[in-house]
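Scroll down for the structure; my scribbles are underneath it.
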Amino acid sequence: MKLYEDQLQVLLVFAKDDAQSHSFCWACERAGFRCNVARTPEAALESFQEKNHDLIIIDHRHSRYFDAEALCRPDREEATVMPLMSAGFNRRYVENSNMMACYNELIQLHHGEIRAQIKLRACNAVFTALEQSQDAIEISSEDHIIQYVNPAYECIMGYQRGELLKENTEVPKSEKNKPDLLDNISSCIHRGKEWQGVYYAKKKNGDSVQQNVKMTPVVGQGGWAAFLSFCFNVLNEGCFQIFLCLAGSSQRRHSSMARIHSMTIEAPITKVINIINAAQESSPMPVAEALDRVLEILRTTELYSPQFGTKEEDPHTNDLVGGLMTDGLRRLSGNEYILATKQLHHIPGHLTTPLSLNDIPPCIAQTMENEDSWDFDIFNLESATIKRPLTYLGLKIFSRFSVCEFLSCPEATLRSWLQSIETNYHSSNSYHNSTHAADVLHATAYFLRKERVKQSLDPIDEVAALIAAAVHDVDHPGRTNSFLCNAGSELAILYNDTAVLESHHAALAFQITTRDDKCNIFKNMERNEYRTLRQAVIDMVLATEMTKHFEHVNKFVNSINKPLATLEENGSILTAPENRILVKRMLIKCADISNPCRPLELCIEWAGRISEEYFAQTDEEKQQGLPVVMPVFDRNTCSIPKSQISFIDYFITDMFDAWDAFADLPNLMQHLDNNFKYWKSLDEKKLRSLRPPLE
C-alpha cells in the first residue's frame, strides 16, 4: 500500500534536559521528523492537543517529577486525554544516550507501529470510500465466504442491507460459468497471475449478468490474503471486475518476494532479544530483573571483549590492554593534536638486482637450513642478510609452497615483489620491521604444514596466508593506532580512526604490487580468482588488529573448537567457508604474536624490542604533549617481566590453548610454559630485592 505521509511529529516528554533527550532530538532531526519537547505533564497534554503527535516518548527515569503511567492513564475520563488512553505504552526503551541507538529506535518505530497506524487510518478512509462508491464491491475469503459488500452491491444484486453478511454465506455462483473456466481462474489466481475474460455474476432473483472481467491477485504479508474482493458496475457492459487476494496461510513460492519487501529484517541478536523479552512477560520478578541485566549486556557492541579492570588491580595489564585495544579517542577531549612533520608513508628506494635462490650466498643458505623448524633463529638470518631477512626467507618459503606456479608469475617477479615489500618496512623500528615480518611469515608457513590446517584450507588460502604474513605490517611507523588517532595523523584521518594501521598495510601492499609490472605477482591471475585472493589477504591483515582480538578468538572457539570436540565426523566443520575464514584469521593472529611461544632466548629478544618501541612512543607522547597511552612503558620505571606476564595472561594463553587444540602444537605450549615461569621468576626476584631486610 503506497501512502502519502506527512512529516512525522514526535513529542518528547522529559523532565530534565540531559544526554538522552539530546540524543532523541538529534535522531529526530536526522530522520527528518518534527520534534517538540515538553517538561511537564501540563505542557505535554497542551502540546498533544494542538499537534496530535504521531509518536510520544515519555521519560520514566525521574518519577519524582511526574508519573509517566499516570500521564497516559488518568483517573477521570476527559475527552482531551482519551487519545492518550487509546495509545498507551506499547514500547519500552532502556536508557541509552548513544545517538545512533536513538536514531535506529525511531526508524524502527516509524517503519513498524507508526506506519501500521497510518495504514489503519488509510484503511478506514478506503472503506468509507467503498461505502459511498456507486460500483458494486464484494470482499470474500479464499474459500469464497463473503466478508464485506457495499450498499451499491446490495442494491444492484437485489439483496437487503446485511442480508449477505450472515455467517458462512458463500458468493452466489452463476451456472453459466463453466467448470473449466472457474478452474482456470482459480489456477491463475493461485499462481499470482492476472485473468481476463467474460464472467457471469448472479443476482438474488437468479438472473446472470455478463461482464468483461480482469481479475488481479494481490499478495499480502505472510502469503495469500484472507480476502478476495471484486467490484463491477452492471450498468456498464464494458466494466472490469477486479479480484484482490489480500491474505492467507499457504506459503507459495511467488509470495516470497512480497514478504521480503514487507518484512522487518532482523539480525540474529535481535531475535535473541525478542525471545528474552517474550520470556520476561511470564517470568517471576527476580527472573525478569535478571533478564533485564542480560538484555543490557546483549545491547552493547563489545559482546566478545572482556571489561577492563581498574587501575588499582594491575597497572601493567590495564595500560597494555588499553593501549592495544583502544583507538585512543576515549582519552581525548577533542582533536587538539596534529602530528608533526614526520612522514609516515615511506617512499621506497631504488631496487637492487633481483635475487634468485641460486644466487643466495652460502652463509645465508646455511642459516636457513632449519627454517622448517619452530626453533629457527630469525635473528641469525637478520644478521647474515644485513637486515634483509624477508626477501631471502620469502624466496625459500614461497618456493616450497609453489606460490609462483599458483600465481602464474615468473620467479623474477616474485623476487622483485619481496624486495619492494621489504624496502617499505622501516629498519629504524626496533620491533615492527622486516625481521618481524619474516618471523610472522615463518610461523605462518609452520602452521600451514599442520595436518588439520591443511585439511581446512585450499591452495588459494595458503597463498593468501603467506602473502598476508609478508605484508601485514608494511610501512609500520613504530607507533600504535592509539598514538596516531591521538596525534590526528593523516592516516588516522584517512581511515576514520578505525583499524588505521591495518587498513594502511593492506592498501599499501596492493598499491606497491600493482603499480609496477616488474613486481606485480597478480598480473596473470584470472579476475575472479584474484578478487578471492585479494579479499582473503585483506581480511587476514585486518584480523591482526588487536581491538577485535577477543571476538576472533571466541568465534574460533565456539564455531570450531567446541563442535570438533563433540563430533566424530569433522569434515564439514573444517571445510565450511565461514570456518575457513576463522581458521585463517586465527592462524595469522597466532603467527603475529607468537613471540612468547618461541625458544627463551628469542622470546627475551622480542620482549626487549617491543618494549623499546613502546618506550620511544611514550617519550614522543610526553615531548609532544599527547595523552600517554601506556604510562607503565616509561623506560625509567617499566618492568619488562611484568609487562610480559600481563601480555601472556591476558592475550596469549587462551588464544594458544585454542590454537593448540586445533593444530596440535605441544612444542609451542612447552615454550610458553617455560617462558612464563622465567618472567615470573624475574619478577619475584625483583620483588624480593625491593623488600626491606627482616630485623
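Between Asp592 and Asp473, some side-chain heavy-atom pair lies under the 4.5 Å cut-off. Between Trp679 and Ile640 the shortest side-chain heavy-atom distance falls below 4.5 Å. The shortest distance between side-chain heavy atoms of Arg580 and Leu574 does not fall below 4.5 Å. Residues Phe401 and Val463 form no side-chain contact, since every pair of their non-hydrogen atoms from C-beta on lies 4.5 Å or further apart. Contact annotation: the side chain of Ile364 approaches that of Leu381 to within less than 4.5 Å [non-hydrogen atoms, C-beta and beyond]. Residues Gln366 and Glu369 are in side-chain contact: their nearest non-hydrogen atoms beyond the backbone lie under 4.5 Å apart. Glu502 has its side chain out of reach of His472: every pair of non-hydrogen atoms, C-beta onward, lies at least 4.5 Å apart. In this structure, Arg534 and Ile538 have side chains that are in contact, with non-hydrogen atoms separated by less than 4.5 Å.
With hydrogens and angles disregarded, a donor-acceptor distance shorter than 3.5 Å links the side chain of Ser489 to the backbone of Ala492. Between the side chain of Ser420 and the backbone N or O of Ser416, no donor-acceptor pair lies under 3.5 Å. Between the side chain of Asn433 and the backbone N or O of His436 there is at least one donor-acceptor pair closer than 3.5 Å. The closest donor-acceptor contact from the side chain of Tyr392 to the backbone of Thr385 lies at 3.5 Å or more, if one exists at all. A side-chain donor-acceptor contact under 3.5 Å links Ser681 to the backbone of Tyr678. Proximity of a side-chain donor or acceptor of Ser559 to a complementary backbone N or O of Phe556 within less than 3.5 Å is not detected. In this structure, Asp377 contributes its side chain and Phe379 its backbone to a donor-acceptor pair below 3.5 Å. The closest donor-acceptor contact from the side chain of Thr367 to the backbone of Cys363 lies under 3.5 Å. A donor-acceptor pair is defined here as one N or O able to donate and one able to accept, closer than 3.5 Å; such a pair exists between the side chain of Asp660 and the backbone of Leu665. For Asn675 (side chain) and His671 (main-chain N/O), a donor-acceptor pair under 3.5 Å exists by modelled atom type.
When all heavy atoms are compared, the tightest approach of Met630 to Thr618 is O-OG1, 3.7 Å. Heavy-atom minimum distance, Ser611 versus Ser643: OG-OG, 4.5 Å. For the pair Leu491 and His504, the tightest heavy-atom approach, listed with the atom from each and the gap, is CD2-ND1, 3.5 Å. Shown here for Leu501 and Asn481, the closest heavy-atom pair between the two residues is N-OD1, 2.9 Å. Across every non-hydrogen atom of Met540 and Ala468, the tightest pair is CB-CB, 3.9 Å. Here the closest heavy-atom approach between residue Ile573 and residue Pro563 is recorded as CD1-CB, 3.5 Å.
Using a 4.0 Å cut-off between a side-chain N of Lys or Arg and a carboxylate O of Asp or Glu, Asp634 and Lys622 qualify as a salt bridge. Remark: Glu451 engages Lys454 in a salt bridge, criterion side-chain N to carboxylate O under 4.0 Å. Salt bridge Lys450/Asp664: absent, no basic N to carboxylate O contact under 4.0 Å. With respect to the salt-bridge test (charged N to carboxylate O, under 4.0 angstrom), the residues Asp539 and Lys584 do not qualify. The existence of a salt bridge linking Asp372 and Arg449 is excluded, since no basic side-chain nitrogen approaches an acidic carboxylate oxygen closer than 4.0 Å.
Taking the six-membered ring for Trp and thresholds of 30 and 60 degrees, His476 and His505 have nearly parallel ring planes, at less than 30 degrees apart. A tilted orientation is assigned to the rings of Trp417 and Phe398, their planes being inclined by 30° to 60°. Using the six-membered ring where Trp is involved, Phe633 and Tyr614 have ring planes that are perpendicular, over 60° apart on the 30 and 60° scheme. Relative ring orientation between Trp659 and Phe662 is described as parallel, the plane-to-plane angle staying below 30° on a 0-90° scale split at 30° and 60°.
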Could you go through the ring pair (Phe, Tyr, Trp, His ring centres under 6.0 Å) check for Phe510 and Phe522 one step at a time? CA-CA 10 Å; Phe510 282 95; Phe522 307 129; 5.6 Å; yes
Arg479 and Glu613: salt bridge (charged side-chain N to carboxylate O under 4.0 Å, His left out), yes or no, with the steps? CA-CA 8 Å; Arg479 300 293 181 264; Glu613 203 163 278; over 6 Å; no
Test ring pair (Phe, Tyr, Trp, His ring centres under 6.0 Å) on Phe656 and Phe651 and set out the steps. CA-CA 9 Å; Phe656 271 91; Phe651 291 104; over 10 Å; no
Between Lys387 and Thr435, does a side chain to side chain contact (heavy atoms under 4.5 Å, CB included) hold up when you go through it step by step? CA-CA 7 Å; Lys387 294 187 176 182; Thr435 303; 5.5 Å; no
Salt bridge (charged side-chain N to carboxylate O under 4.0 Å, His left out), that's the test. Do Arg598 and Asp439 meet it? Break it down for me. CA-CA 10 Å; Arg598 294 288 189 180; Asp439 184 63; 3.0 Å; yes
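When the options Thr532, Ile467, Leu542 are evaluated for a side chain to side chain contact (heavy atoms under 4.5 Å, CB included) with Val537, the one that passes is Ile467. For the side chain to side chain contact (heavy atoms under 4.5 Å, CB included) with Pro596, the qualifying choice from Leu672, Leu668, Ile645 is Leu672, the only one to do so.
The CD atom of Glu382 sits 12.0 Å away from atom CG of Leu390, with the distance rounded to the nearest 0.5 Å. To the nearest 0.5 angstrom, Leu484 atom CG is 11.5 Å from Leu494 atom CG. Expressed to the nearest 0.5 Å, how far CD1 of Ile512 lies from CG of Asn424 amounts to 3.5 Å.
Checking Ser434 against Glu422 by side-chain atom types alone, a donor-acceptor pair falls below 3.5 Å. His549 and Lys589 are linked by a side-chain donor-acceptor pair at a separation below 3.5 angstrom, with hydrogens and angles left out of the test.
Remark: aromatic rings of Trp374 and Phe447 are close, center separation under 6.0 Å.
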